[in-house]
Each structure stands twice: as C-alpha cells, then as structure tokens.
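Computed from a predicted structure; not experimentally measured. Numbers here are sequence positions counted from 1.
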Amino acid sequence: MQNLSNQPTIIPRSEHTISRSSINANALKVLYRLRQAEYGSYLVGGCVRDILLGRHPKDFDVATDAHPEQVRELFDNCRLIGRRFRLAHVLYGRDVIEVATFRGYDAEDPSHDTENGRILSDNVYGTIEQDVWRRDFTVNALYYNIADFSLIDYAGGLADLNRRVIRLIGEPVQRYREDPVRMLRAVRFAAKLGFKIAEGTSAPIHELGYLLEDVPPARLFDETLKLFHTGHAIESFRLLREYGLMKYLFPALEQTLAGGGYPYALEFVQQALANTDLRIQQEKSVTPAFLFAAFLWPPLIQAAGQGQETPVLYPMDLQRASAALLARQCRHITIPRRFTAVMREIWLLQSRLQRNVGKRALGLLAHPRFRAAYDFLCLRAEAGENLRDYADWWTEIQQKNPEERQHMLNVASSRHPGPRRRRPRKRRRSGVRHEKPSA
C-alpha cells in the first residue's frame, strides 16, 4: 500500500496542538461514551486537519470499531443513514456528529461491487489500519485518540500538512478510478487550504477528467456547491480550469470562454465568483441560482444570437435559448427546478432593467427577484458591458422617495433610454378578397 507505513507514527499530546477545548462539546460526549463502552474512539478527517492549522472546524467526524447498530444502541438520539456505506448520525438539536465504522476491503465479498474500477457498494468493516487506506488524502487521515489524547499518523499526513501539500493515499490512477470525484476534492482542498497538489496526485487529472461524465449529475451538484459556496470560489474556478475539469461541469461556459462568443465572459464570471466569496465572508446568504445563472449567462447570450458587446435582450429569444441550455446543462449537473426557475427570472429581468421607462419601472422594484436581477446587472456593468448608466439609474431610484422616483421616471420617459421592444410583423393575407354580400 503506497504512502502507508505498517507502524504508525504516534504523536503524544505534548507534541501537537489539539486540545479538548478546541473540540465540539457534543463530539466529546460521543467520543467518551464510545470509549466507556470499550470501543475504539477517534476524531478523524477535516476537523483534525483544521484544528492543527489553527482553523475552527464546522463539522466533527468520529471513527470507531463499533458497528452502526452498536452505535445506535449507545445513543437514543441516533439515526442510521446511507446505502453505499452505513453511517450513524448522533443528533444534538441542529448539531450532527457523524460516526463511521472503520472501513475495510474484501475483494471476495459480493457486497463490494466495482464497475470500471469504481466502488459501488462499500459496507465492509475493518480495522483502523484498513480504514486509513480507504481515506483519500494524507492530510485527512490523521486520528486523534481520545484514550490518551495522542495523534496517530499512518500516511505521513502531518508532514504533508506542514509542507502544505495535498497528496492522495495510494496509487493515484486507481484511486481516481474508484471515485472520480476525488479529482474535484483535490481541487477543493487545495483552494480552501491554499495548498499545492502534489505532482503525482495532479498528473493523472488531465487524462482522467472524462471519468466525471459517469458520476451521477445529482452528486456533482452537491460537489459543485462545496467548490463554490464555501468561500474560495475564485481559486476553485482557477484550478478547475487549470486541470481541465470545468468542461465536465459547465461545458457550455467553457466553450464560450474558449471561443470568445461573449467578450466579457471571463471577467463577468470572475466578478460573480468574487461577489459570492465576499457575501460568504460577510456571513450573508448565497443561492446556487445566482451563481449558476452567472455561469450560464455567457453561453445563453451566445445561444440567443446576441454576442455583441452590449446585447439587445428580447424575452422570446432568452426564453427559447434558456430552455435548451438548461436541458443540456442538467445532463452534467442536476440543477433542481426551484433554482432553475429563479435563474430564468434573473435572466428575463435583464431585458426589463434595460427598459427603465414608464409606470412598470415602479412595479419592477417590488418584484421578488428584483434585487438579484439588479445585482446581476451591476456585475455585467462591472465586467465591461456598456450598462453603467442603467446600473446607476436603478441604484439611484432605490434611494429616492415616491415623489423623487416619479420625477426620475418622467425624465427617463422623455429621453427613451434603452432599446425599444421588437414587435412582430403583421402577416399579409393572400388570395382573393371576398366582399360581404349585400342584403
């Protein structure tokens, strides 16, 4: 087993920075109760890694040799989840402590099915030594033992943590074939932690990216949120493009970026990513609908035949192009309907925001998607589209009282800013005109 040592490195409490004061109180309850029942009890994964890096983990995961049913017997507030691998969730209000039994591997076990190297079923329990092998990266394979407060390191994870390196445990090609999502996880951890991906870990990604096409689109939706909604969206985007993975998540966007069909595509997407990161840093709400709308806006404009610098937006063109584009996109990443509906509204409101005259402008301010559409318009202006006057106008009218708003509308109406609505041509009648017979 590559990267693994038969004898683990044991780091005593005096030589590492993890203390019980940095561990979630409910996680400690779980660790101690498992220990009291004479089961192995370890804190493991990202929480150990983050504490060692001086960060504050959001989730605390526990590993044990107790089987899920045995964990449930210890905790009345426990439920079992999962099909591929059974997990125990111990619930303390909104606080969820995940407890996983050590995973093993038995090639002769019929429950451990594979397809083209991918693991489909994984309900095989093992020892802590086997469990280390089943984890993905060395920095996520450090175990904190509640029995003596030591740190157990089988894979050299502490050294990689100090070197700030993301390295796979095992042979990279095999591990990526087992689960192609590990390529996205490597990018996510590198972006989140500011680490480099080790050369051996990164080298196969360019050749094996196509494996993501076999991952269920619903799972890729969840992984995409982890990439772009955890405060490191810009760096995730950069690394995904560097390793050629973006084309398997948002192929239409990648094609537009490569072909230059929308001149402000890259700047616009980067502005949207920066806006998302800023909102997360400020602890404001974010929605996948806005960011996905930004990702698909450049190919939408191109598909609607409006690739000029400041496109003239016709609602019928946008509706037709958006339906086809979303259908293609959902073959790669399943976007729930509650988000696609919001995306369509944001897109269609762009044409209305570029026709800010008449009484409808006041009604638009009360639209439930106005704020998102307005932010979207501002991002387009910041990216370089000739929309600054529109963005400023909508910014100003939001700050006015009713009388001042009416004055702005009167001025705007007299100037007729923006493109006029396209009217359908009347069809000419053909044939002989029949006169109405006289009485």
[X] side chain to [Y] backbone, donor-acceptor under 3.5 Å:
| X | Y | value |
| --- | --- | --- |
| Arg369 | Ile346 | no |
| Arg164 | Leu193 | yes |
| Thr64 | Ser41 | no |
| Asn77 | Leu91 | yes |
| Glu385 | Leu387 | no |
| Ser22 | Ile18 | no |
| Arg103 | Val124 | no |
| Arg279 | Ser285 | yes |
| Thr201 | Ile197 | no |
| Trp394 | Leu353 | yes |

Looking at [X] and [Y], does any basic side-chain N land under 4.0 Å from a carboxylate oxygen?
| X | Y | answer |
| --- | --- | --- |
| Asp136 | Arg175 | no |
| Asp131 | Arg134 | no |
| Asp179 | Arg219 | yes |
| Arg182 | Glu178 | yes |

Q: Could you label the plane-to-plane angle of the Tyr262 and Tyr264 rings as parallel, tilted or perpendicular, counting under 30° as parallel and over 60° as perpendicular?
A: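 It falls in the perpendicular class, over 60°.
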Q.
Can you tell me how the ring of Phe292 sits relative to the ring of Phe250, calling it parallel under 30°, perpendicular over 60° and tilted otherwise?
A.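 Answer is perpendicular, since the angle exceeds 60°.
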Q.
Taking the six-membered ring for Trp, are Phe60 and Tyr144 closer than 6.0 Å centroid to centroid?
A.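 No - the distance between ring centres of Phe60 and Tyr144 does not fall below the 6.0 Å cut-off.
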Mark yes when over 12 heavy atoms from residues, nucleotides or ligands other than [X] sit less than 6.0 Å from its [atom1]; otherwise mark no.
| X | atom1 | value |
| --- | --- | --- |
| Asn401 | CG | yes |
| Arg388 | CZ | yes |
| Glu207 | CD | no |
| Arg163 | CZ | yes |
| Arg35 | CZ | no |
| Gln282 | CD | yes |
| His407 | NE2 | no |

Smallest separation among heavy atoms of [X] and [Y], with atom names:
| X | Y | answer |
| --- | --- | --- |
| Thr256 | Ala265 | CG2-CB, 4.5 Å |
| Ala373 | Gln350 | O-NE2, 3.1 Å |
| Ile51 | Thr17 | O-OG1, 4.2 Å |
| Ala100 | Leu87 | CB-CD2, 3.5 Å |
| Ala155 | Thr138 | O-CG2, 3.5 Å |
| Leu211 | Tyr176 | CD1-O, 4.1 Å |

Q: Any chance you could lay out the side-chain hydrogen bond (donor to acceptor under 3.5 Å, both in side chains) test for Arg405 and Gln399, step after step, and finish with the verdict?
A: CA-CA 9 Å; Arg405 286 181 177 180; Gln399 303 168 354; over 6 Å; no
Q: Run the numbers on Phe376 and Phe268 for ring pair (Phe, Tyr, Trp, His ring centres under 6.0 Å), then give the verdict.
A: CA-CA 10 Å; Phe376 202 87; Phe268 173 73; 5.2 Å; yes
(Q) Run Gln281 and Asp277 through side-chain hydrogen bond (donor to acceptor under 3.5 Å, both in side chains) and show every step you take. (A) CA-CA 6 Å; Gln281 292 170 10; Asp277 283 345; 5.7 Å; no
Interatomic distance, [X] atom [atom1] to [Y] atom [atom2] [nearest 0.5 angstrom]:
| X | Y | atom1 | atom2 | result |
| --- | --- | --- | --- | --- |
| Tyr374 | Ile397 | OH | CD1 | 11.5 Å |
| Phe75 | Lys29 | CZ | NZ | 10.5 Å |
| His89 | Arg79 | NE2 | CZ | 7.0 Å |

Just checking, any donor-acceptor pair under 3.5 angstrom between side chains of [X] and [Y]?
| X | Y | answer |
| --- | --- | --- |
| Gln354 | Arg380 | yes |
| Asp95 | Asn24 | yes |
| Glu267 | Gln271 | yes |

If you look only at distance, which donor and acceptor atoms sit under 3.5 Å apart when one is on a side chain in residues 229-246 and the other is two or more places apart or in another chain?
from   : atom 1 : to     : atom 2 : distance (Å)
Thr230 : OG1    : Lys226 : O      : 2.6
Thr230 : OG1    : His232 : NE2    : 2.6
His232 : ND1    : Ser236 : OG     : 2.9
Glu235 : OE1    : Arg238 : NE     : 3.1
Glu235 : OE2    : Arg238 : NE     : 3.3
Glu235 : OE2    : Arg238 : NH2    : 2.6
Ser236 : OG     : Leu227 : O      : 3.0
Ser236 : OG     : His232 : O      : 3.0
Arg238 : NH1    : Glu242 : OE1    : 3.0
Arg241 : NE     : Glu254 : OE1    : 3.3
Arg241 : NE     : Glu254 : OE2    : 3.4
Arg241 : NH2    : Glu254 : OE2    : 3.1

Q: May I ask you to check if Arg185 and Phe137 form a cation-pi contact, with NZ or CZ under 6.0 angstrom from the six-membered ring centre and within 45° of the axis?
A: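 Geometry flag: not set, cation outside 6.0 Å or 45°.
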Q.
Please identify which of these residues, Phe102, Tyr125, Tyr42, meets the side-chain contact (heavy atoms from CB on, under 4.5 Å) condition with Asp65.
A.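 The passing option is Phe102.
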